[in-house]
There are 2 protein chains.
Amino acid sequence: MKNIEKKAFEFCIANKERLTLPRQLVLKIIARNKKPLKAYDLIDKLRSRLVNIKPPTVYRALDFWQKHNFIHRIESLNAFCICSEDKLHKGAQFIICNSCGEVVESDSCNLPKIIDEFLKKNTFKPLKWNIEINGICQNCS
Amino acid sequence: MKNIEKKAFEFCIANKERLTLPRQLVLKIIARNKKPLKAYDLIDKLRSRLVNIKPPTVYRALDFWQKHNFIHRIESLNAFCICSEDKLHKGAQFIICNSCGEVVESDSCNLPKIIDEFLKKNTFKPLKWNIEINGICQNCS
DNA sequence: TCTCCCTTGATAAATAATAACATTAAAACA
DNA sequence: TGTTTTAATGTTATTATTTATCAAGGGAGA
């Protein structure tokens, strides 16, 4: 079992959340997939384990893990990936190669200073943030 | 005429791009709307000016202005807004209030240093980036 | 066991974006 | 000016993504 899966198990015990089959499977599949998965990719992969699986089931599990910061939604791809930092943080930075589609999560999970200052100046309370950088990776250039 | 509209006009002359009616109207409506607009909101607003307007027409105009950095797509809202910086830059930071929906564009249009370093270390060439921060604004808290 | 509450099942619909091909119109050039 | 080329729009249809709604199931505590 991957580290994040164990962590999820412990999280559910500690917080009295139910680790149902759809939730388990959704997290496991995302955790073991190198690239971010779209909702319908997930549905396809789940079909063999959950008969008659429908979009709401998957979206609910995705919402659950997202809410608790186990997975991230990559907005510009409509796709989901595991939080690679094992930090369950609220913000993430993704570096996305437009050529091969590889996505890596940068490991600076704080907001950059200049933005922090902007928020402070404007008394804005950040809850969640997302940085997505599109470009060309080393392999593809 | 707003500054950005004049700029767009000059841009088209200088770059031999055609400032067609759909393009003009789409830019104008986005420029004059305080909040970001969704594609189908735009379609509704255009109905009085362009009979029988259909999604592809709007999406094409949006692609055009986005490609040339006159507008930004806010990924987490599926919405579009004018580049408020008049800088026609490739990156943007949005501060989005989850309560009232107000969106402001922060004026630091460079990538934060720590990410710059990460990209350099990994020889990744950024083409476009997007920072979206969700939270609660001063008025709503 | 009964009840409450959370989760899933199931059906349908809303919202968002694109594909494919026909048509129009501006630009380029003889 | 007439012809060709190119780019943009018009049109129809479809695909992709997400959500609403209500019925049913199942575990935890009274």
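In what follows, every chain begins at residue 1, and chains take the letters A, B, ... in the order their sequences are listed. The figures here come from the full heavy-atom set of this structure, side chains too, leaving out hydrogens, waters and symmetry mates.
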Who pairs with A/Phe124 by ring-ring contact (aromatic ring centres under 6.0 Å, His included), at least two apart in sequence or on another chain?
none

Partner residues of A/Tyr59 under the ring-ring contact (aromatic ring centres under 6.0 Å, His included) criterion, sequence neighbours left out
none

Does B/Thr57 have a side-chain nitrogen or oxygen under 4.0 Å from the phosphate oxygens OP1 or OP2 of D/dG10?
yes

Check whether any side-chain N or O of A/Thr20 sits under 4.0 Å from OP1 or OP2 of C/dT7, and answer yes or no.
no

Quickly work out the [X] [atom1] to [N] [atom2] distance and round it to whole Å.
X	N	atom1	atom2	answer
A/His68	C/dC6	NE2	P	13 Å
B/Leu21	C/dA26	CG	P	12 Å
B/Leu19	D/dT9	CG	P	10 Å
B/Leu50	D/dT9	CG	C1'	10 Å
A/Gln66	D/dT17	CD	P	15 Å
B/Lys54	D/dT14	NZ	P	15 Å
B/Asp63	C/dA16	CG	P	16 Å
A/Leu62	D/dT17	CG	P	13 Å

If you look only at pairs with a residue in residues 131-141 of chain A, which of them pass as a side chain to side chain donor-acceptor pair (under 3.5 Å), with sequence neighbours excluded?
A/Ser76-A/Glu132, A/Asn98-A/Asn134, A/Asn130-A/Glu132, A/Gln138-B/Thr123

Could you identify which residues of residues 36-44 of chain A place a heavy atom less than 4.0 Å from some atom of DNA chain D, listed by residue number, or say none?
A/Lys38, A/Tyr40

Which class fits the ring pair A/Phe11 and A/His68: parallel under 30°, tilted 30 to 60°, perpendicular over 60°?
tilted

Applied to residues 47-58 of chain A, the salt bridge (Lys or Arg N to Asp or Glu O under 4.0 Å) test, sequence neighbours excluded, yields A/Asp44-A/Arg47

When B/Phe64 and B/Pro55 are each assigned the nearest nucleotide of DNA chain D, the 5'-most assignment goes to B/Phe64

Taking side chain to side chain contact (heavy atoms under 4.5 Å, CB included) as the test, write out the residues that go with A/Gln66, two or more places apart.
A/Asp63, A/Ile71, A/Arg73, A/Phe80, A/Lys128

Nucleic acid footprint by protein, nucleotides 21-30 of chain D - heavy-atom cut-off 4.0 Å, B for base, S for sugar-phosphate alone
B---------

Could you check whether B/Arg32 pairs with B/Glu5 (Lys NZ or Arg NE/NH1/NH2 to Asp/Glu carboxylate O, under 4.0 Å)?
yes

If you link I, L, V, M, F, W and Y whenever their side-chain heavy atoms are under 4.5 Å apart, who else ends up in the same group as B/Ile96?
B/Ile74, B/Leu77, B/Phe94, B/Val103

List, by chain and then residue number, the residues other than B/Leu127 in its hydrophobic cluster (Ile/Leu/Val/Met/Phe/Trp/Tyr, side-chain heavy atoms under 4.5 Å); write none if there are no others.
A/Ile136

Can you tell which of D/dT17, C/dT7, D/dA8 lies closest to the side chain of A/Arg23?
C/dT7

